[in-house]
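Here is the structure we will look at.
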Amino acid sequence: SSDLRRRTLYRQDGGGDALVAAADFGRAHGLRARQTRGEKLSRAFVILAAGTGTRLGGEPKQFRLLGGRPVWKWSVETAWTLRREKLIDRIVLVLPPESALPPPAGVISAAGGASRALSALSALRACEDDEVLLHDAARPFASVKLCRRLIAASTGKNAVAPLLPEANALKKIEKGR
């Protein structure tokens with residue numbers, strides 16, 4: 001339908017990268033569509049840091065220290081670089097609902113949901129941008145170079161996915177073969 005516009009969501013997951021595009025959730029989820037004809041698309045970098053870290057146990061990964069700072073802060077620094085380069089307009093940090101952590105200056109805070117999808121929806125409601133790079137805070141090494149390539153490949157109507165070669169092949173063995 002012409003009423004649907006596309007949002008691009010970036011999520012780094014596991015050992016690789018994935019990029020997902022989905023039609024706008026529309027009014028059913030409280031999101032407002034914008035006309036973008038002839039306008040520059042607005043873009044946000046969302047950092048999902050609301051996970052509970054149950055698989056690892058203890059303090060969630062995104063709040064543990066790496067190189068003397070919380071893991072989520074590495075992603076904020078990548079986003080700040082993209083913002084200085086005028087490649088993104090907003091930075092959104094999605095935190096656990098009970099978090100008392102104040103967001104860094106210039107960063108919008110959004111409360112996470114009961115699932116990753118609900119946390120992403122909360123971020124989309126908080127920023128209302130045309131494109132969203134959606135990043136998992138527990139994966140701190142998404143480079144500025146990778147983000148630039150994703151942004152350059154986006155047309156505002158497509159999905160873009162960085163692919164990494166798999167060094168380990170998975171094989172199914174049946175009857176000794």
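Legend: salt bridge (Lys or Arg N to Asp or Glu O under 4.0 Å) pairs involving residues 73-82, not counting sequence neighbours, sorted by first then second residue: R69-E77.
With values rounded to the nearest 0.5 angstrom, Q62 atom CD is found 9.5 Å from L93 atom CG. To the nearest 0.5 Å, atoms CD1 (I151) and CD (E131) are separated by 8.0 Å. One distance of note links OG1 of T81 with CD1 of I88; it measures 9.0 Å at 0.5 Å rounding. Atom OG in S119 sits 10.0 Å away from atom CG in L95 (nearest 0.5 Å). L65 CG to E59 CD: the interatomic distance, rounded to the nearest 0.5 Å, is 7.5 Å.
Scanning both residues, L101 and S99, for their nearest heavy atoms gives N-OG, 3.1 Å. Closest of all the heavy-atom pairs between G113 and L118 is CA-CB, 3.9 Å. Nearest heavy-atom pair across C147 and F45 is SG-CE1, 3.9 Å. Taking both residues in full, the closest heavy atoms of A137 and V71 are given as O-CG1, 3.2 Å, listed atom of the first, atom of the second, then distance. H135 and A142 get closest at one heavy-atom pair: CE1-CB, 3.5 Å. R83 and I91 get closest at one heavy-atom pair: CD-CD1, 4.1 Å.
Side-chain contact between V92 and S122 is absent, with no heavy-atom pair separated by less than 4.5 Å. Looking only at side-chain heavy atoms (C-beta outward), S42 and R90 come within less than 4.5 Å of each other. Side-chain contact between V144 and L87 is absent, with no heavy-atom pair separated by less than 4.5 Å. For the pair P60 and W72, the minimum side-chain heavy-atom distance is 4.5 Å or more.
With R43 as reference, D89 is the one residue of L82, D129, D89 to meet the side-chain contact (heavy atoms from CB on, under 4.5 Å) rule.
Under a 3.5 Å cut-off, the side chain of W74 and the backbone N or O of L66 do form a donor-acceptor pair.
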